[in-house]
Amino acid sequence: AWAATSPRVRSEPIHTALLDYLRTTRAREWKGAAAASGDDPATARAIARLERSVRAEAARPEVGTTTGTELVVSLDGVTSGRRARVAAASRDVPVLYVVTPAVSGLALIVNSGALVFRAGLRTSLLVAGVSSVVGLSLALLFALSASWSGPFVVSGHPLDAVVVDLRSGFFETGP
């Protein structure tokens, strides 16, 4: 959005295409399985339109090489960010990383329980504490393994802020 405010750049087509891309991404490709696939047709059309707008503007002789390069590099930042987001969303915690702590945690709880079968209150509290720590650790592992669809969701507020700024005219060039 900032690169499109350079002198002699027609910013409106770029800002319109960027706004469309950001809205489409947030609506159709931000959460769940859609975030991991990165193959939503509407988002693909929106990013293609943004690429065409930026490249067409960068190729105009009036824009100049430096400004044209800035536009293309900015576009590259958007597309690289999208590729990184799709790659991050497609990664899951390997099954062995989940099975190993689960089995070892259950074994620890069973063994602790067997040791204190006829023990007093103090030892029983120790086993309850160990069981709680193991359970919470497993819950944390599952929560962190799904950053696009689990209880901890990657925030879309930065994209929403750019959408608000584009709508309000924050990135418009002066008279």
> Would you say E62 has more than 12 foreign heavy atoms packed within less than 6.0 Å of its CD?
Replying inline: yes
> Linking I/L/V/M/F/W/Y whenever any side-chain heavy atoms sit under 4.5 Å apart, do I47 and V73 land together?
Replying inline: no
>> Nearest 0.5 Å, please: how far is CZ in R82 from CG in L50?
In response: 11.0 Å
>> Would you compute the distance between atom CG of D165 and atom CH2 of W2 and round it to the nearest 0.5 angstrom?
In response: 8.5 Å
>> Under 4.5 Å between side-chain heavy atoms, counting indirect links through other Ile/Leu/Val/Met/Phe/Trp/Tyr residues: same cluster for L18 and V164 or not?
In response: no
>> How long is the straight-line distance from CG of D76 back to CD of E51, given to the nearest 0.5 Å?
In response: 9.5 Å
> CG of L19 to CZ of F171: how many Å apart, nearest 0.5 Å?
Replying inline: 11.0 Å
> Closest approach of G68 and A58, non-hydrogen atoms and distance?
Replying inline: O-CB, 3.6 Å
> Which atoms form the tightest heavy-atom contact between V9 and R60, and what is the distance?
Replying inline: CA-NH1, 4.5 Å
> So do R49 and T16 actually touch side chain to side chain, heavy atoms under 4.5 Å?
Replying inline: yes
>> Pair R83, S80 - check side chain to side chain donor-acceptor pair (under 3.5 Å), show working.
In response: CA-CA 5 Å; R83 281 190 301 274; S80 295; 3.1 Å; yes
> Given the rule that I, L, V, M, F, W and Y join up when any side-chain heavy atoms are under 4.5 Å apart, are V72 and V63 in one cluster?
Replying inline: no
> With side chains defined as the heavy atoms from C-beta onward, is the minimum distance between I14 and L71 less than 4.5 Å?
Replying inline: yes
> Could you give the distance from CG (L75) to CZ (R55), rounded to the nearest 0.5 Å?
Replying inline: 5.5 Å
>> Just verifying a value: how many Å separate S53 OG and H15 NE2, rounded to the nearest 0.5 Å?
In response: 11.0 Å
> Should we say atom CZ of R167 is surrounded by more than 12 heavy atoms from elsewhere, each under 6.0 Å from it?
Replying inline: no
>> Can a donor-acceptor pair be found, under 3.5 Å and without considering hydrogens, that links the side chain of E57 to the backbone of S11?
In response: no
> Is the closest side-chain heavy-atom distance between T25 and R85 below 4.5 Å?
Replying inline: yes
> Quick one: does D160's side chain get under 4.5 Å of R26's, heavy atoms only?
Replying inline: yes
